[in-house]
Amino acid sequence: MKDCNIPSALKDEKGAALITVLCFVVLVAMVTASAVTVSQISNYTSRTSTDRSVSAYLAEGAAARVQWLIMADKRKFTSRALGETEYDQEEQERFLADGTFHKMDYYGTEVKVTIYDMSSGYDISDDNPARHLETQKLAFSDNAELQEAFSAFTDCVKDYVDKDEFLQLKGMEKSAYAAKGLYPLPRNGRFQFREEIMLIPGFGKFYQPDSYGRISSFRLIPPLNMQRIGQGNDFFSASREQIMSRCSFSTEQGDKVIEARDKWKNERIPLNQSLDPALMTTLKGRFSFRESGFFTILVEASPGQNRAKRILAASMQIGTQVISRGTRYYEWVSY
């Protein structure tokens, strides 16, 4: 009887061919999966980029509209006292620099708007910015370690702006900045932008950006040839640190003030209904409750729910009409 078995060499060839086919199938599957993944990533990236572009246009358009609404509000209502307006009793929506939240229908899209007064925060624009920060040291009266750290920070601020190379007691000059990889600091001149102070060692221990990423504890520094901002300190734009240091409030008192201000911003409950009269008297003696005429408009816009959004911060002086040269902005930042 003949042997009907397949030769071993032929069996080896068929096995090798099967492995090759399987490898090819796996490769095709991997390429297909990669193509689908890349396509999805590209789709998400493209959609996010498009959403952010649309959001930017919405925010810019809404900010321009709010400028006109503020002008109209100023022409109709000459009283610009803040924190007292009974919004529910007004025939039309008011647009004041009091930090209250507004929702606006901008061509079928809802955008969120908040208006603040620019006249707020520590002024660090002159030759001796550290002197404006000294009052905050009172907040650390019961903590010697923090007091020492804050003194070191203010000494660094002094060295940053002075024109010499003589060190303050705990300051830093060019060699120390170079050792930290911060060449060519310090400026050895006045701050040109308030954000510069974030470069000074020790900043983060005492100050933090707000929910929008802005260091609102510090006043905007006007660009060259632009009018200086009023020297008053608006309460509704003031940071917690500034409120506590200027009023010598305890932590408990500071919490009550911030809570009352949040109620005003979110629920429009007047401050005199939430705060003890003694605290109100102290606040009105240390802060301004009237508009300065300089505004910061914060606009949060998105094409829809769960879509990429943009936040625009625009700061400018607003009167009762547009001046001939147009609006000049102190700040125009999109996040």
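The structure presented is a predicted model; accordingly, all values stated were derived computationally and were not measured.
- With Gln253 contributing its side chain and Ser250 its backbone, the two residues share a donor-acceptor pair below 3.5 Å.
- Rounding to the nearest 0.5 Å gives a distance of 9.0 Å between SG of Cys156 and CG of Leu167.
- Of the residues His132, Arg228, Arg219, the one that meets the side chain to side chain donor-acceptor pair (under 3.5 Å) test with Ser125 is Arg228.
- Taking the six-membered ring where tryptophan is involved, the planes of Phe153 and Tyr207 are tilted, since the angle between them lies from 30° to 60°.
- Nearest heavy-atom pair across Gly254 and Met244 is CA-CG, 4.2 Å.
- Tyr177 and Val161 end up in the same hydrophobic cluster when Ile, Leu, Val, Met, Phe, Trp and Tyr side chains are linked at under 4.5 Å.
- Atom CD of residue Glu291 and atom CE of residue Met118 lie 13.0 Å apart, to the nearest 0.5 angstrom.
- Scored by the side-chain contact (heavy atoms from CB on, under 4.5 Å) test, Trp68 finds Met71, Val322 as partners (sequence neighbours excluded).
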For this session: Dump the intermediate steps for side-chain contact (heavy atoms from CB on, under 4.5 Å) on Asn266 and Phe101, then the final yes or no.
Result: CA-CA 6 Å; Asn266 299 314; Phe101 293 102; 2.8 Å; yes

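- Counting only heavy atoms from C-beta outward, the side chains of Gln242 and Tyr122 approach each other to under 4.5 Å.
- A single hydrophobic cluster is seen to contain both Val157 and Ile124, as judged by linkage of ILVMFWY side chains at heavy-atom distances under 4.5 Å, directly or through other members.
- Between Phe77 and Ser79 the shortest side-chain heavy-atom distance does not fall below 4.5 Å.
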Less than 3.5 Å apart, which donor and acceptor atoms pair up between the side chains of residues 185-201 and the rest of the protein, not counting sequence neighbours?
{"unit_1": "Arg187", "atom_1": "NE", "unit_2": "Glu196", "atom_2": "OE1", "d": "2.7"}
{"unit_1": "Arg187", "atom_1": "NE", "unit_2": "Glu196", "atom_2": "OE2", "d": "3.3"}
{"unit_1": "Arg187", "atom_1": "NH2", "unit_2": "Glu196", "atom_2": "OE1", "d": "3.3"}
{"unit_1": "Arg187", "atom_1": "NH2", "unit_2": "Glu196", "atom_2": "OE2", "d": "3.2"}
{"unit_1": "Arg190", "atom_1": "NE", "unit_2": "Asp127", "atom_2": "OD1", "d": "2.8"}
{"unit_1": "Arg190", "atom_1": "NH2", "unit_2": "Asp127", "atom_2": "OD2", "d": "3.3"}
{"unit_1": "Arg194", "atom_1": "NH1", "unit_2": "Phe218", "atom_2": "O", "d": "2.6"}
{"unit_1": "Glu196", "atom_1": "OE1", "unit_2": "Tyr160", "atom_2": "OH", "d": "2.7"}
{"unit_1": "Glu196", "atom_1": "OE2", "unit_2": "Gln192", "atom_2": "N", "d": "2.8"}
{"unit_1": "Glu196", "atom_1": "OE2", "unit_2": "Phe193", "atom_2": "N", "d": "3.1"}

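- Taking hydrophobic clusters as Ile, Leu, Val, Met, Phe, Trp and Tyr residues chained together by side-chain heavy-atom distances below 4.5 Å, Leu69 shares a cluster with Ile297.
- The cationic atom of Lys284 (NZ for Lys, CZ for Arg) lies less than 6.0 Å from the six-membered ring centre of Phe289 and within 45° of the ring axis.
- Within a 6.0 Å radius of CD in Glu267, more than 12 heavy atoms belonging to other residues, nucleotides or ligands are found.
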For this session: Please assess Tyr330 against Gln227 for the test side-chain contact (heavy atoms from CB on, under 4.5 Å), listing each intermediate value before the final yes or no.
Result: CA-CA 10 Å; Tyr330 289 76; Gln227 183 177 339; 3.6 Å; yes

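- The two atoms that bring Ala59 and Val299 nearest to each other are CA-CG1, 3.8 Å, heavy atoms only.
- Note that the CE atom of Met226 and the CE atom of Met316 stand 9.5 Å from one another [nearest 0.5 Å].
- A chain of hydrophobic side-chain contacts below 4.5 Å, direct or via other Ile, Leu, Val, Met, Phe, Trp or Tyr residues, connects Leu312 to Tyr329.
- The side-chain heavy atoms of Asn233 and Arg286, taken from C-beta on, include no pair separated by under 4.5 Å.
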For this session: Give the intermediate values and the outcome of salt bridge (charged side-chain N to carboxylate O under 4.0 Å, His left out) for residues Arg310 and Glu300.
Result: CA-CA 6 Å; Arg310 295 296 287 268; Glu300 185 177 326; over 6 Å; no

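- Contact check for Val257 versus Phe235: side-chain heavy atoms found under the 4.5 Å cut-off.
- Counting all heavy atoms, side chain and backbone alike, Ala260 lies closest to Leu271 at O-CD2, 3.7 Å.
- Atom-to-atom distance recorded for Ser239:OG and Asp210:CG is 9.5 Å, nearest 0.5 angstrom.
- In this structure a side-chain-to-backbone donor-acceptor pair under 3.5 Å is present from Ser237 to Asp117.
- Here Ile115 contributes atom CD1 and Thr100 contributes atom OG1; the two are 7.0 Å apart, rounded to the nearest 0.5 Å.
- For Trp264 (side chain) and Asp98 (main-chain N/O), a donor-acceptor pair under 3.5 Å exists by modelled atom type.
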Exercise. Between Phe236 and Phe287, does a side-chain contact (heavy atoms from CB on, under 4.5 Å) hold up when you go through it step by step?
Worked result: CA-CA 9 Å; Phe236 298 94; Phe287 291 94; over 6 Å; no

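- Nearest heavy-atom pair, Asp73 versus Arg80, reported as atom, atom and distance to 0.1 Å: OD1-NH1, 2.6 Å.
- With rounding to the nearest 0.5 Å, the separation of CD1 in Ile318 from OG1 in Thr327 is 7.5 Å.
- A pairwise comparison of heavy atoms in Leu220 and Ile229 identifies O-CD1, 3.5 Å as the closest pair.
- Contact of the Ser315 side chain with the Phe295 side chain is not registered, since no non-hydrogen atoms from C-beta on lie closer than 4.5 Å.
- With 3.5 Å as the limit, one finds no donor-acceptor pair spanning the side chains of Ser119 and Ser292.
- Linking Ile, Leu, Val, Met, Phe, Trp and Tyr residues whenever their side-chain heavy atoms come within less than 4.5 Å leaves Leu283 and Ile269 in two separate clusters.
- Every residue meeting the salt bridge (Lys or Arg N to Asp or Glu O under 4.0 Å) condition with Lys256, not counting sequence neighbours, appears here in chain and number order: Glu252.
- Within the 4.5 Å cutoff, the side chain of Met172 has heavy atoms near those of the Lys180 side chain.
- Around the NZ atom of Lys158, the shell of radius 6.0 Å holds more than 12 heavy atoms that belong to other residues, nucleotides or ligands.
- Side-chain contact between Tyr212 and Thr114 is present, with heavy atoms from C-beta onward closer than 4.5 Å.
- At most 12 heavy atoms of other shown residues, nucleotides or ligands fall within 6.0 angstrom of atom OH in Tyr57.
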Exercise. What's the verdict on side-chain contact (heavy atoms from CB on, under 4.5 Å) for Arg214 and Val333, showing C-alpha distance, side-chain angles and the deciding distance?
Worked result: CA-CA 10 Å; Arg214 305 167 72 245; Val333 182; over 6 Å; no

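- With sequence neighbours excluded, the residues that form a ring pair (Phe, Tyr, Trp, His ring centres under 6.0 Å) with Phe150 are Phe140, Phe206.
- For the 3.5 Å distance criterion, the side chains of Gln136 and Ser245 fail to qualify, holding no donor opposite an acceptor.
- Looking only at distances, no side-chain donor or acceptor of Thr320 sits under 3.5 Å from a matching main-chain atom of Lys74.
- Taking all atoms of both residues into account, the shortest heavy-atom contact from Asp159 to Gly171 is OD2-CA, 3.1 Å.
- Taking Arg240 as the reference, Asp255 meet the salt bridge (Lys or Arg N to Asp or Glu O under 4.0 Å) condition, with sequence neighbours excluded.
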Can you list, pair by pair, the side-chain donor-acceptor contacts under 3.5 Å of residues 104-113, counting residues two or more places apart and other chains?
{"unit_1": "Asp105", "atom_1": "OD1", "unit_2": "Gly108", "atom_2": "N", "d": "2.8"}

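- Residues Lys205 and Leu146 are in side-chain contact: their nearest non-hydrogen atoms beyond the backbone lie under 4.5 Å apart.
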